[in-house]
Number of protein chains: 2
Amino acid sequence: MATIKDVARSAGVSVASVSRVLNKGPKVSQKTIENVLKVVKELNYSPNANARALVTQKSTTIGVVIPELVDPFFASLAHGVEQVARKKNMQLLLSTGLVSAATEMQAINLLIERRCEVMVVHSKKLSDETLIELANNVPGLVLIDRYIEAIAHRCVWLDNLEGGKIAARHLLALNHQSFACISSKHQIDDPLLRLQGFQSELQSAGADIEESLIEYGEPTLQGGEMATQKLLASGKHFSALFVYNDAMAIGAISTLEDNGFKVPSDISVLGFDDVLLSRYSRPKLSTLNYPIEEMAMQAANIGLELTAKRPTNTSDVNCKHIPRLVKRESTSFKQ
Amino acid sequence: MATIKDVARSAGVSVASVSRVLNKGPKVSQKTIENVLKVVKELNYSPNANARALVTQKSTTIGVVIPELVDPFFASLAHGVEQVARKKNMQLLLSTGLVSAATEMQAINLLIERRCEVMVVHSKKLSDETLIELANNVPGLVLIDRYIEAIAHRCVWLDNLEGGKIAARHLLALNHQSFACISSKHQIDDPLLRLQGFQSELQSAGADIEESLIEYGEPTLQGGEMATQKLLASGKHFSALFVYNDAMAIGAISTLEDNGFKVPSDISVLGFDDVLLSRYSRPKLSTLNYPIEEMAMQAANIGLELTAKRPTNTSDVNCKHIPRLVKRESTSFKQ
DNA sequence: TTGAAAGCGTTACCAT
DNA sequence: ATGGTAACGCTTTCAA
């Protein structure tokens, strides 16, 4: 592969001149420009981004750490980051496959070695302390879907507790009195907080939810189906079901209808996340919108600010997001 | 950020020694290893991947070019590549946002500048000639979802024509006689070939499909809904509907049921792709499985072979994939 | 306007 | 086993 020296030699100029025309530097004669450009084309020259990164000390790269790509939720996250990357003429380096604290750490370290200017990190396993230290060492690091007091201005997160409350209020307003809930068995804060918010709001309204009407499952279609079967097996009555996420909610609806319950006339079902899926289900899923793409864009922009020379006052931006109720067809007034 | 020199100085050894312990090179005393490792931790040293790439002439990067991340189909593609990247301890560089030949070219060029060892490219807009020339210049470049004779062994593709035929055979075997079809208005080969295969197989069986029962739309839920409305508006009867992709098929089912048609008892609907969505729909969608993830893995592996020193004989591998019928609930025997 | 040369952070070869 | 140093491909300062 041709180097800048090859171009310089072939064009009969110095490497400095070639560099100048390539970077639209100042003071280059039109003649040199044309000459160099011609040779560049002839030799099929492509500048080596690694060499350039080394000398300029900037990689023009935004790193993203997510558990996996196929989950549409994380795909949206990556997409959000990608949009700001494109706008800034930067590129996306992806580090995925997170199942443990160790692999999360590894993913982050890879991005550090690449010297990404900004890093948008989705970490559920790493400890607060680890993340804080990391943030102190990496100027452009921003956390998404996680809140840590000490680095609050570098956390972009969703208020899951409030989400649970909004869910409860919606179902309450629909005149429901007997509730069930399907949560995730994954050991992260999100499901706990959602359930907690849901219960607390119920209690404020004088309602409650029986312990036996709370089920746990994998956050997938199948997990939702299985949890619903267990719920049904209990024989207990309920008219409203709040589910951890959309995939589980769709699995729940499926099982409910297979067992002769109509949604929403017999049972209202409310999901969480508002992924693409929810618009494709029948009945269309009522859910809470998780604006992950916008949040990802915000995170990336914060990272950019952080690494910028002129530090704009970014400390007062609001990084807390509240999910928004999206009323579709799976919830209705209880007669 | 600390460099290897800092570590060397602080550890009282040469940079060469530091490099050796970091790369587990031969002939280093246990004492030096421990010493260096200690300092590395103290200084929070992280090797600069750009510098390393420059001197070793390898970036340990696999590049992927796709139109966008949020489409689950392309997310699966990226996921496939990512899996082989992880296995090889390489990383994923993503270049997206393709709408025109120009942006596709740009995306590819970025990956070239980064000196990706292998590149898995999904291009629909670039000409055969351009792609062939590119392939000649970039050893590790592999095309996915596209077939070009001249570089056949570097193309991993799906036989869309055969897919259309399989669809026709399935519907025919189900005793259907009157057909409709929804295709994509996007100007790429895929929809054309699928339709062509479908029609040709129909004709071989003495059946046919009326011109007015072929509709076109955007390859989305809404596109499927609109196309179905137009189909219905024609007033013509049909008992089997073959749709360009799963999203459109789900939109079609939705519109069909809203208009009083039962799927599959009144009308059978067959999708294409077998994305996650198809398992979540009600009725569950019968469709043709597009093994994009495996194909992506194969593409990445071919790229790896191509750039390997010892050129394994890769020219005889089969890069053509045939979609597989997945019979679920949206198609049934016509009484 | 142009060129020479230093230097970015590594690795790898050659000495010792 | 260890150290010195050239080289990787580029940008940028300093002179001319």
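In what follows, every chain begins at residue 1, and chains take the letters A, B, ... in the order their sequences are listed.
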Original post:
Going 5' to 3' along nucleotides 7-16 of chain D, which nucleotides have protein heavy atoms under 4.0 Å from the base (write B), which only from the sugar-phosphate (write S), and which from neither (write -)?
Top reply: -BBBBB----

Original post:
Looking at B:V40, B:V15, B:N48, which hits side-chain contact (heavy atoms from CB on, under 4.5 Å) with B:I4?
Top reply: B:V15

Original post:
For DNA chain C, which residues in residues 31-43 of chain A have a heavy atom at a distance below 4.0 Å?
Top reply: A:T32

Any chance the side chains of [X] and [Y] put a donor and an acceptor closer than 3.5 Å?
{"X": "A:Y290", "Y": "A:D145", "answer": "yes"}
{"X": "B:S19", "Y": "B:N23", "answer": "yes"}
{"X": "B:Q298", "Y": "B:H321", "answer": "yes"}
{"X": "A:S123", "Y": "A:E104", "answer": "yes"}

Original post:
Should A:T103 and A:K125 be marked as a side chain to side chain contact (heavy atoms under 4.5 Å, CB included) after you check the CA-CA gap, both sets of side-chain angles, and the distance that decides it?
Top reply: CA-CA 9 Å; A:T103 48; A:K125 304 281 188 173; over 6 Å; no

**OP:** Please name all residues satisfying side chain to side chain contact (heavy atoms under 4.5 Å, CB included) with B:E34, sequence neighbours left out, ordered by chain then number.
**Re:** B:Q30

Original post:
Taking only Watson-Crick and G-U wobble pairs with both distances under 3.5 Å, what dot-bracket line describes DNA chain C, where [ ] shows pairs that cross earlier ones and | shows pairs with another strand?
Top reply: ||||||||||||||||

**OP:** Write down the distance between NZ (B:K27) and C1' (C:dT11), rounded to a whole number of angstrom.
**Re:** 18 Å

**OP:** Output yes when at least one side-chain N/O atom of B:S14 is less than 4.0 Å from OP1 or OP2 of D:dT2, else no.
**Re:** no

Subject >> Phosphate OP1/OP2 of C:dT1: any A:S17 side-chain N/O under 4.0 Å >> reply: no

Between side-chain atoms of residues 72-79 of chain B and protein atoms elsewhere (two or more places apart, or another chain), which donor-acceptor pairs fall under 3.5 Å?
{"residue": "B:S76", "atom": "OG", "partner": "B:P72", "partner atom": "O", "Å": "3.1"}
{"residue": "B:H79", "atom": "NE2", "partner": "B:Q83", "partner atom": "NE2", "Å": "3.0"}

**OP:** Go through the structure and list residues passing salt bridge (charged side-chain N to carboxylate O under 4.0 Å, His left out) with B:R146, not counting sequence neighbours.
**Re:** B:D128

Original post:
With a 4.5 Å heavy-atom cut-off, do A:S59 and A:Q91 have their side chains touching?
Top reply: no

